[in-house]
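What follows is a short report on a single structure.
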Number of protein chains: 2
Amino acid sequence: MSTSLTVSQLAKQLEISADTVRHYVRSGLISPERDPENGYKRFKGEDIKRLHFILQAKSLGFSLADIQTIMDQASHGESPCPQVRVIMEARLKETAAKIAAMQATYKQMQDAMQRWQTQPDCTPTGEHICHLIEGFSHQADNFKQEGCCHE
Amino acid sequence: MSTSLTVSQLAKQLEISADTVRHYVRSGLISPERDPENGYKRFKGEDIKRLHFILQAKSLGFSLADIQTIMDQASHGESPCPQVRVIMEARLKETAAKIAAMQATYKQMQDAMQRWQTQPDCTPTGEHICHLIEGFSHQADNFKQEGCCHE
DNA sequence: CTTGACCTGTGTGTTACTCACAGCTTTATA
DNA sequence: TATAAAGCTGTGAGTAACACACAGGTCAAG
């Protein structure tokens with residue numbers, strides 16, 4: 001039976017988790033045959049090719065929904081390439097935006113960490129929860145200690 | 001009744017969506033009183049302070065679960081600061097890793113787009129779904145056209 | 001024949017919201 | 001005053017891409 005693989009065999013071969021393979025099947029991206037005896041999924045050549053394609057597309061930034069769309073179109077005999085180009089353009093912009101946002105957050109985090117190095121811990125008051133966090137964006141450099149901080 | 005705000009009033013004041021406010025309430029981050037007449041949420045000073053804190057912490061990269069933890073600890077009278085420092089360290093690393101991963105993907109995407117500019121569209125064959133995607137990582141520069149491409 | 005290791009499918013949980021929707025309030029109009 | 005339109009409410013469900021839990025099935029060793 002080397003012509004068909006089980007979930008975990010396929011997963012091992014492509015170095016992904018068995019759960020990931022199952023997820024793609026549940027999402028309808030792959031539709032392997034079932035073993036009539038035990039209901040297990042049986043992956044054959046076609047399925048393995050599709051999975052390969054999925055992984056490649058994913059590494060290029062396509063979402064699973066994108067990939068579904070692309071494969072559907074291809075299975076109708078139409079060229080998916082124009083769509084692929086359009087989608088990629090959108091994903092490219094999205095990714096750039098996400099990276100920028102994350103970098104902004106990252107900078108905030110670094111700045112906070114640095115400032116915190118010279119600040120003591122504080123005890124919560126009725127007025128504040130954590131001075132480290134609350135005192136941050138307001139009074140950048142001029143942090144004033146209040147009666148709540150020990151040591 | 002200017003001492004208490006409704007969901008949408010509060011949302012407008014802090015420039016977030018009403019759904020976001022409701023989400024925080026459902027998650028237990030804020031627990032406003034209810035108007036006995038109609039069951040509506042009524043936000044008072046304490047709640048508004050907490051929401052402020054949530055937004056600040058979020059902008060510093062803390063997750064809602066983190067924020068919950070921090071606020072819980074503070075409400076027990078303990079200083080959340082040591083925890084805050086620990087969590088931040090972890091989130092900082094996570095964020096750096098995510099950014100690196102996204103930048104790697106982004107580079108892949110850009111490379112792909114560039115290469116695709118000189119490549120024609122293709123019609124799916126039994127063997128391939130989309131040459132643009134499949135031909136990518138394998139034969140970087142030496143893309144060979146096969147019989148499937150028109151024009 | 002049983003023990004144990006391993007594997008299976010399916011159901012549920014995750015993050016931080018967003019959307020859908022029936023119903024209640026408030027405002028404008030007739 | 002009646003009523004209709006607009007707006008707001010709470011709650012239930014859906015999103016992306018898996019990861020985890022779990023009861024049960026399978027297979028080799030003894």
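Since we're looking at a predicted model, the values are computed, not measured.
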In Å and rounded to the nearest 0.5 Å, what is the CD1 to CZ distance from I87(B) to F62(B)? 6.5 Å
Starting at CD1 of I70(B), measure out to CD1 of I129(A) and round the result to the nearest 0.5 Å. 9.5 Å
Side chains of residues 96-107 of chain B: which donor-acceptor partners sit under 3.5 Å, not counting sequence neighbours?
{"unit_1": "T105(B)", "atom_1": "OG1", "unit_2": "A101(B)", "atom_2": "O", "d": "3.2"}
{"unit_1": "K107(B)", "atom_1": "NZ", "unit_2": "D111(B)", "atom_2": "OD2", "d": "3.2"}

When rounded to the nearest 0.5 Å, the distance separating CD1 of I133(A) from SG of C122(A) is 9.0 Å
Kindly write out the residues that satisfy side-chain contact (heavy atoms from CB on, under 4.5 Å) with A112(B), not counting sequence neighbours, or none if the list is empty. L60(A), M88(A), W116(B), F136(B)
Value rounded to 0.5 Å, distance of CE in M113(B) from CG in L132(B): 10.5 Å
So salt bridge (Lys or Arg N to Asp or Glu O under 4.0 Å) across residues 67-83 of chain A, not counting sequence neighbours, yields none
For S8(A) and dC6(C), is the shortest distance between a side-chain N/O and OP1 or OP2 below 4.0 Å? no
Would you find a donor on one side and an acceptor on the other, under 3.5 Å apart, between the side chain of T123(A) and the backbone of S79(B)? no
Does the Q83(A) side chain pair with the main chain of P80(A), one donor and one acceptor, at a distance under 3.5 Å? no
Can you give me the first and the last nucleotide of DNA chain D (5' to 3') that has an atom within less than 4.0 angstrom of a non-hydrogen atom in chain A? dA17(D) to dT26(D)
Does any pair with a residue in residues 79-93 of chain A pass salt bridge (Lys or Arg N to Asp or Glu O under 4.0 Å), and if so which ones, sequence neighbours excluded? D66(A)-R91(A), R85(A)-D121(B), R91(A)-E94(A)
When you compare the protein's N or O atoms with those of nucleotides 11-15 of chain C, which come within less than 3.5 Å of each other, and at what distance?
{"unit_1": "dG11(C)", "atom_1": "N7", "unit_2": "R26(A)", "atom_2": "NH1", "d": "2.8"}
{"unit_1": "dG11(C)", "atom_1": "O6", "unit_2": "R26(A)", "atom_2": "NH2", "d": "2.8"}

Would you name the heavy atoms of K44(B) and S4(B) that are closest together and state the gap between them? CG-CB, 4.0 Å
For the backbone of H52(A) and the side chain of Q56(A), can you confirm whether one donor and one acceptor N or O come within less than 3.5 Å of each other? no
Which atom pairs, one a donor and one an acceptor, fall under 3.5 Å between side chains of residues 35-43 of chain B and the rest of the protein, sequence neighbours left out?
{"unit_1": "D35(B)", "atom_1": "OD1", "unit_2": "E37(B)", "atom_2": "N", "d": "2.8"}
{"unit_1": "N38(B)", "atom_1": "OD1", "unit_2": "Y40(B)", "atom_2": "N", "d": "3.1"}

Find the distance H23(B):NE2 to dC19(C):P and express it as a whole number of Å. 14 Å
Contact class for S27(A) vs. all strands (heavy atom < 4.0 Å): base, sugar-phosphate, or nothing? nothing
Taking atom C1' of dA16(C) as reference, at what distance in whole Å does atom CD of Q68(B) sit? 14 Å
Hey, which of these two, K58(B) or R22(B), hits DNA chain C nearer its 5' end, going by closest nucleotide? K58(B)
Review item, side-chain donor-acceptor pairs of residues 12-23 of chain A, under 3.5 Å, at least two apart:
{"unit_1": "S17(A)", "atom_1": "OG", "unit_2": "D19(A)", "atom_2": "N", "d": "3.3"}
{"unit_1": "S17(A)", "atom_1": "OG", "unit_2": "T20(A)", "atom_2": "N", "d": "2.9"}
{"unit_1": "S17(A)", "atom_1": "OG", "unit_2": "T20(A)", "atom_2": "OG1", "d": "2.9"}
{"unit_1": "D19(A)", "atom_1": "OD1", "unit_2": "R22(A)", "atom_2": "NH1", "d": "3.3"}

Stretch residues 36-53 of chain B: residues that reach within less than 4.0 Å of DNA chain D through a heavy atom: G39(B), Y40(B), K41(B)
Begin from the C-alpha positions of I54(B) and I30(B) and carry the test side chain to side chain contact (heavy atoms under 4.5 Å, CB included) through to its verdict. CA-CA 9 Å; I54(B) 293 168; I30(B) 325 172; 3.9 Å; yes
Give, ordered by number, those residues of residues 83-92 of chain A having at least one heavy-atom distance below 4.0 Å to an atom of DNA chain D; if nothing qualifies, reply none. none
To 10°, what angle do the rotation axes through the five end pairs on each side of the helix from dC1(C)-dG30(D) to dA30(C)-dT1(D) form? 30°
side-chain N/O S17(B) vs dC17(C) OP1/OP2, d < 4.0 Å: no
Salt bridge (Lys or Arg N to Asp or Glu O under 4.0 Å) contacts in which one or both residues fall within residues 46-55 of chain B, not counting sequence neighbours: E127(A)-K49(B)
